[in-house]
Amino acid sequence: MSKTIVVPLQFAPTLVAWQRRHGRHELPWQNTRDPYRVWLSEIMLQQTQVTTVLGYYQRFLERFPAVSDLAAASLDEVLALWAGLGYYSRARNLHACAQAVMTLHGGEFPRSAAGLQTLPGIGRSTAAAVAAFCFGERVAILDGNVKRVLGRLLAFDGDLASSAEEKRLWAFATELLPAEAIESYTQGLMDLGASICSSRSPQCLLCPVADLCAGRIEGEPTRYPVKTRKLKRGRRENWWLWLEREGQVLLQQRPATGVWAGLWSLPLYDDEAALQLDADKLGAKLEVMPRIAHALTHFDWILHTRRADVLIGSVESGPGGVWVARERLADYALPAPLKKLIV
DNA sequence: TTCCAGACTA
DNA sequence: TAGTCTGGAA
């Protein structure tokens, strides 16, 4: 049986006062109640740090100033602009969501968390963030940072790998909400989690709610939140064939599912012999490039690269794909390690 | 080199 | 419940 938790009533007003004085107020997606801008930032900020998002956010807004522009674009263009951010299903859902807003909602985002959550790529926490920031709705967020902040505040010892325990924490998050100033409160949770209440070394001496924090009072705040993980990482090894002819690179589109779904890659082989077979057809003389280590959730990936310049006349017999001029590579969605390799 | 953090979908 | 990408820390 888990211990009894009483939520501290002073948490919300203290956090709100702290956010107003010490929180972030100048991020590009703040100081607006435009749901398009807030939504775009929230999707990009899923699993991605602020510093990484800044440049992408700027480029997206320049190219797609309004949700109608994003909806009218091709998925290929959206993916190309997203390339390097990772978790590409976010880009697919972003595009689908923009189209749903146009076709199902007359070009306006729904004005409630419940309505927002029906859209592709918008889950409970993202819906709540947009509804709180844009419409002042009194509704709780619970992303990874907030789980950490609240887990420590309440010394919540339930295992968040369990959906029942996660549901309990959602209930506490809702119980903690202030009667007003939901915008500052929500931003305060994010700011606290991103700065003082960091994962490994929380700065409790600087924390505005240290007096209220059961995790700190117990003496070991980093014990929380509890999440059992059973991640077993494997290894994979593949070979990339990097062919160039007259300033063009041969690219193949990845399948619609799995790693780098829909992105553009060099021809990828399971072993060196298969690659060599294709290279021989072209009479290509292969150059060995430094191997690349790339980590994904469930495996470490070793990518070997063999590069060759080939003659115009010889390519008919080689691997299929699209020859892309170097200066057009920016139009293609390339995974991060490939971008670093060839651009 | 390995480990970790990070929301949503199917 | 498994799968997904990248950056940064250990």
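Worth knowing before you read on, the calculation uses all heavy atoms, side chains too, and leaves out hydrogens, waters and symmetry mates.
Residue-environment remark: CG (A/Leu206) exceeds the threshold of 12 foreign heavy atoms within 6.0 Å.
Closest heavy-atom contact between A/Val149 and A/Phe11: CG1-CZ, 4.4 Å.
Out of C/dG3, B/dG6, C/dG8, the shortest distance to the side chain of A/Gln49 is found at C/dG8. Side-chain proximity of A/Val259 to C/dA10, C/dT4, C/dG8: nearest is C/dT4. Checking C/dG7, C/dA9, B/dT9 against every side-chain atom of A/Asn93, the shortest atom distance belongs to B/dT9. Distances were taken from every side-chain heavy atom of A/Gln47 (C-beta onward) to each of B/dA7, B/dT1, C/dG7; the shortest belongs to B/dA7. Considering only the side chain of A/Arg291, B/dT1 comes nearest among B/dA5, B/dT1, B/dA7.
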Result block: side-chain N/O donor-acceptor pairs under 3.5 angstrom for residues 332-343 of chain A, not counting sequence neighbours:
residue  : atom : partner : partner atom : Å
A/Lys339 : NZ   : A/Ala83 : O            : 3.0

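The line from CZ of A/Arg223 to CZ of A/Arg152 is 12.5 Å long, rounded to the nearest 0.5 Å.
A/Lys340 comes within 4.0 angstrom of the backbone, heavy atoms only, and of no base. As judged by a 4.0 angstrom heavy-atom cut-off over every strand, A/Arg90 is placed among residues making no nucleic acid contact. Among the atoms of the strands shown, none is found under 4.0 Å from any heavy atom of A/Arg92.
The residue among A/Asp300 and A/Asp143 whose nearest nucleotide of DNA chain B is located toward the 5' end is A/Asp300. Checking A/Gln117 against A/Thr48, the closest nucleotide of DNA chain B that is more toward the 5' end is the one next to A/Thr48.
Atoms CG (A/Leu79) and C1' (C/dC5) sit 14 Å apart, rounded to a whole Å.
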